[in-house]
Amino acid sequence: MMKNCNQKHQVTLNLANISLLAQLNAAHKAVMACARYGLTVIELRFSGSMPTLEVQHNPLTQKWLDNHKAIIYMHSNNANNQVISTAQRRLCGCWVVFSFPRYQSTQSIH
């Protein structure tokens, strides 16, 4: 039989649960900040000590790159062998990442 979740009981949390609750709180704040910025969050991951929110690339994320508020940390290839760049920045105690196609230039990436 399930207990009523509305009942108030004193619960002692272990360190792992305290850490996860802190990450949930940070993720909530970051999702709300993304919503205020007009960003669409497409994925939320909890791994490591900081949650990661993946958002769709748009003019704001491009502005972050142009103003050095976000950095490109990875290049990969998709199924069509197109170069995809992934960038990140911190927001409300979380990583916000976004990916976008990188147009091939005459220079190679080292």
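Just so it is clear, the values below take in all heavy atoms, side chains as well, and ignore hydrogens, waters and symmetry mates.
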Test side-chain contact (heavy atoms from CB on, under 4.5 Å) on Thr40 and Val55 and set out the steps. CA-CA 5 Å; Thr40 300; Val55 299; over 6 Å; no
4.5 Å side-chain heavy-atom contact, Trp64 and Val96: yes
Donor-acceptor contact present, side-chain Asn80 to main-chain Gln82, <3.5 Å: no
Over all heavy atoms of both residues, which pair between Leu44 and Ala27 is shortest? Give the atoms and the distance, please. CD1-CB, 4.0 Å
Could you give all pairs that pass the salt bridge (Lys or Arg N to Asp or Glu O under 4.0 Å) test and reach residues 49-62, with sequence neighbours left out? Arg45-Glu54
Can you get from Met32 to Leu21 by hopping between Ile, Leu, Val, Met, Phe, Trp and Tyr side chains that sit under 4.5 Å apart? no
Can you hop from Val97 to Leu91 via hydrophobic side chains spaced under 4.5 Å? no
Same cluster for Ile72 and Val83 if Ile/Leu/Val/Met/Phe/Trp/Tyr side chains link at under 4.5 Å? no
Of the non-hydrogen atoms in Pro51 and Gln23, which two are nearest, and what is the gap between them? CG-O, 3.4 Å
May I ask you to check whether over 12 heavy atoms, not counting those of Ile18, lie within 6.0 Å of atom CD1? yes
Linking I/L/V/M/F/W/Y whenever any side-chain heavy atoms sit under 4.5 Å apart, do Leu39 and Trp95 land together? no
Tyr73, Leu65: one ILVMFWY side-chain cluster at the under-4.5 Å cut-off? no
To the nearest 0.5 Å, how far apart are CG in Leu13 and OG in Ser19? 11.5 Å
Check: Asn58 side chain, Leu60 main-chain N or O, donor-acceptor pair, under 3.5 Å: yes
Answer whether the closest heavy-atom distance between the side chains of Ile71 and Gln88 falls below 4.5 Å. yes
What's the separation between atom CG in Asn77 and atom CZ in Arg102, rounded to the nearest 0.5 Å? 12.5 Å
Within the distance-only criterion (no hydrogens, no angle test), does the side chain of Asn25 pair as donor or acceptor with the backbone N or O of His28 below 3.5 angstrom? no
Residue pair Asn17, Leu15: steps toward the side-chain contact (heavy atoms from CB on, under 4.5 Å) verdict: CA-CA 5 Å; Asn17 290 342; Leu15 290 177; over 6 Å; no
Ignoring hydrogens, what is the shortest heavy-atom contact between Ala30 and Cys94? Give both atom names and the distance. CB-SG, 3.8 Å
Glu43 side chain to Thr52 backbone, donor-acceptor under 3.5 Å: no
Nearest heavy-atom neighbours spanning Gly93 and Met50: O-CG, 3.2 Å
Is there a donor-acceptor contact under 3.5 Å linking the side chains of Asp66 and Gln62? yes
Give me the atom names and distance for the closest heavy-atom approach of Gln56 to Ile42. CG-CG2, 3.7 Å
Rounded to the nearest 0.5 Å, how far does CZ of Arg89 lie from CG of Asn67? 10.0 Å
For Phe100, all residues meeting ring pair (Phe, Tyr, Trp, His ring centres under 6.0 Å), sequence neighbours excluded: His57
